[in-house]
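Just below is one structure, and these are the notes that go with it.
We name chains A, B, ... by the order of the sequence lines, and we start the count at 1 in each one.
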Protein chains: 2
Amino acid sequence: MTVTLADVAARAQVSPATVSRVLNGNYPVAASTRERVLRAVDELDYVLNGPASALAAATSDLVGILVNDIADPFFGIMAGAIQSEIGGPGGRAGGERLAVVCNTGGSPERELTYLTLLQRQRAAAVILTGGAIENEAHVSAVAAKLRKLADAGTRVVLCGRPPAPADTDAVALTFDNRGGGRRLTEHLIGLGHRRLGYIAGPEERTTTRHRLEGHRAALAAHGIEDDPRRTVHGRYDRRSGYEATLELLRREPDLTAIVAANDTVALGACAALRDSGLRIPGDVSVAGFDDLPFSIDAVPALTTVRLPLAEAGARAGRIAMSREEPPPGGIATVGGELMVRGSTGAPRP
Amino acid sequence: MTVTLADVAARAQVSPATVSRVLNGNYPVAASTRERVLRAVDELDYVLNGPASALAAATSDLVGILVNDIADPFFGIMAGAIQSEIGGPGGRAGGERLAVVCNTGGSPERELTYLTLLQRQRAAAVILTGGAIENEAHVSAVAAKLRKLADAGTRVVLCGRPPAPADTDAVALTFDNRGGGRRLTEHLIGLGHRRLGYIAGPEERTTTRHRLEGHRAALAAHGIEDDPRRTVHGRYDRRSGYEATLELLRREPDLTAIVAANDTVALGACAALRDSGLRIPGDVSVAGFDDLPFSIDAVPALTTVRLPLAEAGARAGRIAMSREEPPPGGIATVGGELMVRGSTGAPRP
DNA sequence: AGCACCGCAGCAAGCGCTTTCTATCCGGAA
DNA sequence: TTCCGGATAGAAAGCGCTTGCTGCGGTGCT
């Protein structure tokens, strides 16, 4: 029914071994033979059996990419960049790699499940993107998995994630969330703000914690008391930003600035502010994080911290494919750039 | 080195066959035996070898999802919904399916390449999302591939795509782009607009053509001449919307409304209008398409056509997993809902 | 008491490919 | 002319798993 290597071999009048070698191009085959084989492949419309090949060669050409939310451009941009780098040449049979994008939805269980599934597929590489969950049991479970993957020859790269334990052999490209958060808040303080609300992401996530720490560091550095009532936790989505803003306003109506965990949350905050009859930045300044494409289209355009998502993703992809040297020590920090735009201004006097 | 089925069998004192059956749960195994095997699996930390299993069983648990642009929430939302449906129960070994999200970038070649790669992996199902490319050679090449996939037992579902030739056996969930486009433009006409600009997507794509046809049908139905100078083609991104708007304004400064190919393009159009000193909708009304999450946060909020992306994706996923009956005839049309918001209003008199 | 059967476990034959090792053919060196 | 080595091609042994078929006790029936 389906065409196999043997069929091609028969038609080209060579042995299956030769066909395999032509297809993998890693063994000398006479040009004339090669051509004959290629013609047979073409005529028969032969497609290699991936699983069989993976089994025999003990490697596959799948690359796993774990993301927290595939509908979020933050991850989409990274995933796209990674994928564009892993497809290229540099491997077996045409060098085609298949990216497996796994949507964990932020759930620790699913993260682990996907890691197992990838291990089961004998993935060539695995790239974990976005913040990690901070839960001792889970962190060590993930570390154990990563170690196992590495043992099985799977290259592991973290993109936008804090480093894993060194013995996992995982390369980490970390975003400087702390530094970005700090610069952002300092920008606001420089503008004269003293009463700033902060809408944080979900607790137990490194990204959330680091950005918040940066914010607090800025406050502390300028002698501003950090009233815990000015911080609200929520999800990384618009709705959450909307509700958190209302809550913040209820608690402290005379806030002059709101810093959001990310751009999406900031957008929700803007909506809540507008619905409350407040002007941006006239009454309240708003700042986001990430600089997703839509942020510049907000009205007013969002002041935020630009993270080089695509660049980081591309680099992670290259490292995963061994087409670029890992950074020394296996860890590199990727900085963010403060983008000052219309949504922040001096507070009303 | 790595643990195999045989190791588990040895430890549980049963034959490999029994272990396999316990793991696949499709053959009667005595409870006590099952338990013993499961314990061994656990103690040995055994992970099934996917490729080997796929080879022997002639099926894999990979599901391919083709998208045009993974960084675009339009696709991200569908992909996420699909993935949440295919992970569930209903299959072998824990029912875990691995979603392979492939980013074609809108390139015909890559689309074909990915289809081949998926065929090579013997994917359990393949779901193609978004509009198709309208190029005779490519369409028939894709149809041929789909046919081959179907022959190999891969279920094929199109989500948000026009139906493929009937002999491909592909189930299609099509968006009513034409109807949505028509209603959107009729809304504008109803408001009193007579000079409407249209920013279309890339040529040779079904989505582009259908939306444009709907627009034109509305114009025709109301006796409005369709001046070709009022239509500009571009990509489905913000930048393109920005530039196209400037071009439209140059050609015809007194347009009173601009209909964009999608929300992202509409956002770019809004930015261009603002930069040109025009008010929305005071001077020019703007409408989008899709109703992506950020559209409601635009200022003013975008009038658009809401496409039930998540619902359609979920349904496609279920159909692909045979957990839902395909629609009669294998084709279903999914309608869009007109969302009238602040970006459209009556034209200045 | 004898027989058919059922429930459960094992045997063994692959699934389609890769790869080591071996065989062959050839040109040129001796 | 004989012999040796390089360049190619083939034979065959798996890779780790699934599954059709066989085998073996024990239950229920007559």
Taking 4.0 Å as the cut-off, does a side-chain nitrogen or oxygen of [X] come that near to OP1 or OP2 on [N]?
X: A:Thr4; N: C:dC15; answer: no
X: A:Asn49; N: C:dC15; answer: no
X: A:Ser53; N: C:dT18; answer: yes

> Who passes salt bridge (Lys or Arg N to Asp or Glu O under 4.0 Å) against A:Arg318, sequence neighbours left out?
Replying inline: A:Glu85, A:Glu324
> Of all residues at least two apart in sequence or in a different chain, which pass the salt bridge (Lys or Arg N to Asp or Glu O under 4.0 Å) check with B:Arg161?
Replying inline: B:Glu111
> Could you go step by step and tell me if B:Gln121 and A:Asp61 meet the side chain to side chain donor-acceptor pair (under 3.5 Å) rule?
Replying inline: CA-CA 10 Å; B:Gln121 296 299 332; A:Asp61 39 16; 3.2 Å; yes
If I take atom [atom1] in residue [X] and atom [atom2] in nucleotide [N], what distance separates them, rounded to the nearest angstrom?
X: A:Leu23; N: C:dG16; atom1: CG; atom2: C1'; value: 13 Å
X: B:Arg36; N: C:dA9; atom1: CZ; atom2: P; value: 8 Å
X: B:Leu5; N: C:dC11; atom1: CG; atom2: P; value: 14 Å

Shortest side-chain distance from [X], nucleotide among [options]:
X: A:Asn24; options: C:dC17, C:dT18, C:dC21; result: C:dT18
X: A:Leu48; options: C:dC17, D:dC17, D:dA9; result: C:dC17
X: B:Leu55; options: C:dT18, C:dC15, D:dT8; result: C:dC15
X: A:Ala57; options: C:dT19, D:dT8, C:dG16; result: C:dT19
X: B:Thr2; options: C:dG16, D:dT8, D:dG16; result: D:dG16

>> Tell me the bend of the helix from C:dA1-D:dT30 to C:dA30-D:dT1 as the angle between end helix axes, each from five pairs, rounded to the nearest 10 degrees.
In response: 50°
> So which of B:Leu146, B:Ile65, B:Val157 actually passes side-chain contact (heavy atoms from CB on, under 4.5 Å) with B:Leu128?
Replying inline: B:Leu146
>> The criterion is side chain to side chain contact (heavy atoms under 4.5 Å, CB included); which residues satisfy it with A:Pro327, sequence neighbours excluded?
In response: A:Val171, A:Leu173, A:Arg315, A:Ile319, A:Ala332
>> Distance criterion of 3.5 Å, no angle test: do you see the side chain of A:Tyr27 paired donor-to-acceptor with the base of D:dA9?
In response: yes
Less than 3.5 Å apart, which donor and acceptor atoms pair up between the side chains of residues 34-44 of chain A and the rest of the protein, not counting sequence neighbours?
from: A:Arg36; atom 1: NH1; to: A:Ala12; atom 2: O; distance (Å): 2.5
from: A:Glu43; atom 1: OE1; to: A:Arg11; atom 2: NH1; distance (Å): 2.0

>> Let's see if you get this right: which residues in residues 10-21 of chain B place a heavy atom under 4.0 Å from DNA chain D?
In response: B:Ala17, B:Ser20, B:Arg21
> Among pairs that include at least one residue of residues 162-171 of chain A, which meet side chain to side chain donor-acceptor pair (under 3.5 Å), considering only residues two or more places apart or in two chains?
Replying inline: A:Arg147-A:Asp167
> Could you give all pairs that pass the salt bridge (charged side-chain N to carboxylate O under 4.0 Å, His left out) test and reach residues 121-145 of chain A, with sequence neighbours left out?
Replying inline: A:Glu134-A:Arg209
>> Which is more 5' along DNA chain C, the nucleotide nearest B:Pro28 or the one nearest B:Ala52? Just name the residue.
In response: B:Pro28
Please list every donor-acceptor pair under 3.5 Å in which a side-chain atom of residues 1-9 of chain A meets a protein atom from a residue at least two apart or in another chain.
from: A:Thr4; atom 1: OG1; to: A:Ala6; atom 2: N; distance (Å): 3.2
from: A:Asp7; atom 1: OD2; to: A:Thr4; atom 2: N; distance (Å): 2.8

